[in-house]
Amino acid sequence: MSTIVSLPDQSTAKLPSKSYLNQEYGLKSWLLTGDHKRIAMLYLFSITFFFIIGGVLAGLIRLELLTPPADLMATDTYNKVFSMHGIIMVFLFLVPSVPATIGNFLIPLMVGARDLAFPKINLLSWYLYWIGGIFILSAMVLGGVDTGWTFTTPLSTHYVNTHVVTAAMGIFMAGFSSIFTGLNFIVTIHRMRCPGMTWFRLPLFVWGHYATSIIMILGTPVLAITLVLVALERIFNIGVFDPTKGGDPLLFQHLFWFYSHPAVYIMILPGMAVISEVISTFSRKRVFGYTAVAFSSVAIAVFGFLVWEHHMFIMGVSQYSALVFSLMTMLVAVPSAIKIFNWSMTLYKGSITFETPMLYAFGFIGLFTIGGLTGIFLATLGMDIHLTETYFVVAHFHFVMVGGMLMAYMAGIHFWWPKMTGRMYPEAMSKTAAVITFIGFIVTFFPQFILGYLGMPRRYAAYPADFQVLNVFSTAGASILGIGYLLPLLYLPWSLIYGQIAGNNPWQATGLEWQIQSPPLTENFTEIPIMDHEAYDYEWLANKTHHEVQTVG
Amino acid sequence: MTEKNISTHQDAEVHVVKPPVYFAIFFALLVLTALTTGISFIDLGVFNAVIALAIACLKASLVVLFFMHIHYSSRLLKLTVAAGLFTFMLLISLTMTDYISRAWGMF
Amino acid sequence: MSHISPVLWEFLVHWLEHFAIFPPEASTIAPYADALYFALVGMTITGLVLVMSMVLFFSLRYRKERHPEAVQIEGSTLLEATWTLIPLGIFLVFFVWGALLYFRVYNPPPNSMNVYVVGKQWMWKVEHPGGQHEIDALHIPEGVPIQLTLISQDVFHSFSIPAFRVKREAIPGRYTSVYFEATKPGKYHLFCTQYCGTDHSAMIGWVYVMTPADYSKWKAGNTSGASLAQNGERLFAVMGCNACHTGTSQARGPNLYGLYNTRIRMNDGSTMIANDAYLREKILNPSLHVPAGYVPIMPTFQGQISEDALIDLVEYIKSLSSNYRLQQMMNKSDLDSAQPAPIGPANQGAGAAPLQIVPTPGVSKP
Amino acid sequence: MDSTSIATTPHELESSGLPHAHDHPAFMRHHFEDIGQQREAASFGMWVFLLTEIMFFGGLFCAYLILRNWYHPAFVAGSNTLNIALGTTNTAVLIGSSFTMAMAVYSAEMRRKGQLILFLTLTILLGFVFIGIKGVEWTTEYQEQHVPGINFSIQEFVHPTNPKAIPLAPDMAEKTQLYFFLYFAMTGMHALHMIIGISLLFFMVWRASRGAYTAGHVIPVENFGLYWHFVDIVWIFLFPLLYLISRYR
Ligand code: HEA
Ligand code: HEA
Ligand code: CUA
Ligand SMILES: [Cu+2]
């Protein structure tokens with residue numbers, strides 16, 4: 001059972017005369033579209049916008065931390081900056097990053113449907129996203145929020161007088177946007193699969209998004225109601241979360257983390273979904289242990305609901321319940337390990353090429369392994385006492401979120417860029433960017449582990465001079481990282497016009513989405529396909545050359 | 001799965017529930033409402049709460065099963081309802097592990 | 001090196017002087033935490049090396065030039081089981097290990113010396129039983145097990161001493177506690193690590209670990225004259241507690257002597273331990289738990305009393321172990337408590353005499 | 001089946017944009033394969049939405065349960081000030097509206113336009129009755145100064161006018177505020193859902209009068225029914241939790 005798949009010659013490729021991009025013209029045709037591909041592009045544009053804002057805020061954080069005293073900005077300003085950085089990056093960038101862009105674009109293509117089940121709701125969710133974004137931006141412009149992205153009560157309810165309610169409502173809206181995305185995905189995956197597309201023929205990308213959607217629809221509403229309670233408590237001066245009025249601040253923590261822990265899996269599962277596709281394509285092999293990888297996604301989603309208290313270990317929760325949650329956290333880490341090992345094994349006896357997405361995927365595997373294993377440090381009760389609320393935690397979550405998800409997102413964007421736009425990105429440039437990002441990342445965030453063990457607390461505008469050297473490293477790294485992200489921001493738009501024409505299946509991948517023209521037609525398939533092979537059937541692909549798909553026109 | 005029944009939407013036949021069923025459920029719900037109010041006037045200790053919640057669950061199941069047609073629906077929808085209840089129970093019960101055992105071990 | 005500009009040079013020197021990659025180990029907890037840490041680091045390196053060597057080796061060995069034909073492999077249940085069970089086993093070891101340390105840090109041994117810490121925006125107020133108050137500093141003797149009892153007056157704060165590898169949140173409305181025993185005299189960082197608003201990053205200070213001799217000197221030199229219990233005694237009178245808690249059988253409120261750490265029966269049949277948390281709760285929300293045989297007529301003092309004062313009251317009630325002292329208080333309104341109290345902790349109030357509560361190093365081993 | 005069946009080239013693409021030729025009702029969305037798929041997707045979608053609603057109210061229920069266990073006497077006292085007769089009536093009214101809604105779905109399925117409009121209108125009416133009664137209750141609570149954050153007073157609980165009520169100690173009486181906050185949050189959220197529902201019902205009556213649902217396109221009615229029944233279920237739990245439990249202690 002061996003297969004040779006070679007990349008097609010792109011010099012003859014032509015852009016199709018008709019595609020979702022040129023079906024209709026004008027702003028209105030975009031803003032009122034029901035086409036999942038166009039909505040994906042709208043999202044792509046929007047989250048990039050917010051990523052730049054969040055990134056500039058990150059730059060400000062790092063600049064401030066270059067020197068020990070709070071000299072670049074006042075402590076209050078610094079607090080607002082990192083709060084906004086966290087809020088924007090989490091709710092307006094990372095949560096929708098892969099699902100709302102790549103997922104939105106691909107899920108119907110991958111299950112063989114013409115669109116998501118509810119196109120109008122899909123559009124609605126984009127508008128909700130923007131309403132949320134505008135709320136959050138106005139909170140920022142009107143004077144900021146300084147509660148951190150975690151809105152710890154009673155600080156957020158009774159002790160600050162910044163725009164907490166505005167920001168909370170923004171997150172509420174963004175939350176509903178993500179609920180609707182998840183709803184659409186679940187229904188589409190259950191109900192819209194083309195004939196022959198059984199569950200175990202689905203690409204792992206779809207499994208990953210299915211698991212993500214479960215968390216989105218079951219977790220997000222709890223965050224929504226919690227934020228409503230915070231807002232009410234502020235407005236009416238009540239005390240469900242305030243001990244002096246009889247409430248319990250830990251109740252807020254419970255409700256908040258009931259969402260926000262599973263939410264970190266919203267922020268990684270779609271990334272893992274991307275990695276499965278990329279690794280398999282560039283080693284020309286089916287994913288090793290398909291079922292294990294598929295079920296581990298669902299396991300992460302389900303177990304992810306059982307571990308939230310690990311964010312509260314030292315906050316005075318019951319020690320016995322801390323035991324339970326620490327144990328559960330150890331369990332939830334196992335499916336991630338399963339995935340990592342399966343991807344590594346996928347390379348075994350493959351025929352590997354090192355395209356840009358693959359480089360990002362390697363970055364993902366390495367960095368996520370570090371990030372994930374440092375999560376185990378934090379899940380270990382006695383260790384968490386020392387590490388919690390220090391830069392170790394900051395390093396942990398940037399490793400999983402930036403080193404993991406953001407790398408995966410970049411991998412995905414590069415991987416499907418030809419499908420989305422019909423054009424290739426510049427190869428050498430993008431490889432350089434991938435390497436710069438990787439180096440920048442390590443220099444930025446690795447020192448933070450050491451800082452954390454030294455005890456440097458997070459959310460500090462000013463810090464003792466002992467910590468400066470490592471902070472300088474970190475800031476220097478962030479500058480490199482900034483360049484790494486700036487490059488794609490420049491060459492991807494450039495490639496829209498000057499990029500090489502990609503052809504239908506530039507990677508010779510097996511996915512259904514690669515068998516149609518790039519960019520696809522508005523209705524995706526002229527005829528609903530019938531699936532007769534598994535997701536990663538390279539033999540089928542190798543024998544299929546005589547059916548090479550033609551583009552329109 | 002064979003090629004024939006691969007399509008996931010073969011079971012689209014709609015079961016039309018007849019008015020007598022609705023009437024019966026409506027009546028049962030009214031009776032249960034009266035019952036639960038009535039019982040709340042009798043002092044049963046902890047059982048007041050237990051019975052009130054049990055009746056509420058019964059009423060809710062009647063509504064879900066018949067008014068909302070889950071009784072006649074596909075396994076998928078039944079599972080969906082179960083998933084919702086399950087997650088809700090997780091929220092309650094795991095939060096409770098903290099609240100119940102906070103005072104433990106203070107000996 | 002002369003071509004390096006002097007400014008830059010100065011910076012470099014400065015940095016190198018302030019450079020550290022590992023915090024000092026200054027408590028009995030620290031070696032345990034560090035051992036766990038290195039074990040975890042070991043696990044991470046092993047895991048990372050394992051994964052990365054697989055990735056590297058395969059991508060070199062099976063790169064397209066060397067291996068043009070991919071071999072399709074379905075998977076392997078045996079391998080899946082291996083990499084499910086081995087990481088699981090490793091993680092479980094850390095779970096148990098970590099849990100042991102956690103319980104050790106958060107369950108202070110009974111013989112430890114208690115220091116109260118009140119967090120407020122944005123400072124730490126430390127209260128020693130002998131009445132010494134400090135702000136943003138903590139003086140402790142070396143070699144003595146110490147329990148911090150923390151509470152916050154407003155929002156969450158977190159009391160962190162990296163050199164001891166311990167930290168605990170001070171939360172509003174409830175006491176929390178943490179235990180450690182310092183091993184090396186010196187001056188260590190003290191941070192507030194839970195984000196608490198504007199000046200969070202200024203809520204820092206120093207922990208001074210002193211030899212027992214130095215510590216006694218410090219204590220004597222810093223006492224405010226009245227121990228916490230003595231302050232509490234005064235408050236007990238000022239707030240009118242003694243109007244009801246007279247300690248006599250006709251009193252409207254229960255007798256509080258010897259109450260501390262006993263098990264009391266409530267009027268709903270349950271029982272509770274009268275610990276610090278219970279005493280504090282009684283003063284703020286008296287009707288939440290009512291002892292059997294009483295009606296909840298005790299007024300609430302919520303909002304009328306600061307956390308510091310609550311600590312004084314709690315200390316005072318803790319120190320009551322016989323009728324004797326109350327009688328004395330009833331009779332004399334001046335706070336001359338030079339009379340030796342009969343037993344145990346009650347004699348903390350003994351004026352300027354050195355406190356008895358500090359166990360000698362030999363006795364203090366847990 | 002061979003791989004040619006993955007037909008991807010648009011061979012006979014009409015400019016009309018409708019990708020497939022076979023007959024289907026006008027209300028069918030073009031991205032569905034057939035009407036059965038559309039119907040299934042729609043009702044499944046609605047159920048998934050209701051899942052999120054469960055968790056939305058779930059957070060409130062969780063807060064309620066915990067605080068109720070902490071401050072049991074206060075919650076009992078607060079609960080005892082509610083008007084049980086009005087509460088029971090409201091429960092009956094809401095159940096009634098659920099029944100009329102179920103009948104509306106039935107009428108739509110039977111394609112009886114008049115009957116459908118009748119039942120939808122009845123549902124609206126009962127919805128209004130519910131909101132009305134709720135409004136009366138809220139007004140009473142306002143008059144009794146039980147609205148937290150606006151005019152709350154613990155007087156009633158410390159010195160109850162009702163001779164049978166057990167007076168609470170002031171500190172416990174303070175905690176009734178939490179009860180009422182949750183009471184207003186929960187009933188308010190519920191009423192908000194009702195109001196949204198009623199607005200949709202008006203729209204549906206208008207559509208129904210134009211014959212929209214009686215030509216086989218029952219999905220909107222059915223889905224709305226699910227929503228309405230769900231709101232009913234929330235009340236079925238709110239009623240005992242807020243009004244009934246521990247009347248007698
Ligand atoms: C994408 C986001 C993401 C992901 C995926 C994770 C994944 C994990 N996280 Fe993380 N976490 C965050 C984002 C994320 N986290 C954020 C944002 C915070 C801070 C929030 C805040 O306070 O602001 C946080 C905080 C946080 C804490 C609280 C810290 C504190 O405040 O005290 C804890 C504690 O348990 C934790 C644990 C874990 C664990 C165990 C995992 C596991 O899922 C990881 C599993 C992965 C692996 C284990 C790696 C793969 C394994 C192998 C390759 C096997 C290796 C081989 C051998 C061992 C032989 N995280
Ligand atoms: C998706 C999530 C995400 C992402 C992508 C990032 C990205 C980055 N983050 Fe952040 N971060 C969080 C989520 C994220 N972060 C969260 C949740 C917190 C906690 C907040 C809280 O405590 O409440 C946090 C907190 C946080 C802190 C701790 C603040 C504190 O506790 O005091 C720091 C400090 O170094 C930091 C740094 C960075 C850096 C350098 C990047 C870089 O990766 C960013 C690189 C990107 C760019 C720079 C933008 C693209 C480039 C350009 C547009 C070019 C032009 C710009 C410049 C040259 C500046 N982040
Ligand atoms: Cu106090 Cu941070
Ligand atoms: Cu977590």
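Proteins get letters first, then strands, A, B, ... in listed order; numbering begins at 1 in each.
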Interface moiety of [X] toward chain C, non-hydrogen atoms closer than 4.5 Å:
X      : value
A:T147 : backbone
A:Q468 : side chain
A:V472 : side chain
A:F82  : side chain
A:M345 : both
A:V334 : both
A:A322 : side chain
A:N342 : both
A:T152 : side chain

Pick from [options] with the largest number of heavy-atom pairs that fall under 4.5 Å of chain C:
options                        : result
A:G350, A:G455, A:A379         : A:G350
A:F313, A:Y463, A:Y290         : A:F313
A:T388, A:T374, A:I340         : A:T388
A:L323, A:V160, A:D384, A:L250 : A:L323
A:G372, A:A337, A:S326         : A:S326
A:T369, A:T75, A:I450, A:L155  : A:L155

Winner by heavy-atom pair count (cut-off under 4.5 Å) against chain A, out of [options]:
options                      : result
C:D154, C:L36, C:L101        : C:D154
C:S201, C:G197, C:G75        : C:S201
C:T193, C:I21, C:L150        : C:T193
C:F103, C:F164, C:W97, C:F57 : C:F103

Tell me whether A:E389 is salt-bridged to C:K167, with the criterion being a basic N under 4.0 Å from an acidic carboxylate O.
no

Salt bridge check: are C:R280 and C:E307 linked by an N-O gap of less than 4.0 Å?
yes

So how far is it from A:F241 CZ to A:L251 CG, rounded to the nearest 0.5 Å?
5.0 Å

Salt bridge (charged side-chain N to carboxylate O under 4.0 Å, His left out) partners of A:K245, counting only residues at least two apart:
A:D242

Salt bridge (charged side-chain N to carboxylate O under 4.0 Å, His left out) filter on A:D76, not counting sequence neighbours, yields none

Apply ring pair (Phe, Tyr, Trp, His ring centres under 6.0 Å) to residues A:Y453 and A:H386 and explain how you reach the verdict.
CA-CA 8 Å; A:Y453 203 75; A:H386 179 53; 4.7 Å; yes

When you look at OH of A:Y348, are more than 12 heavy atoms from neighbouring residues, nucleotides or ligands closer to it than 6.0 Å?
no

Around atom OH of C:Y32, are there more than 12 heavy atoms from other residues, nucleotides or ligands closer than 6.0 Å?
no

Any idea which heavy atoms bring C:Q121 and C:C196 closest together, and the distance?
NE2-O, 2.9 Å

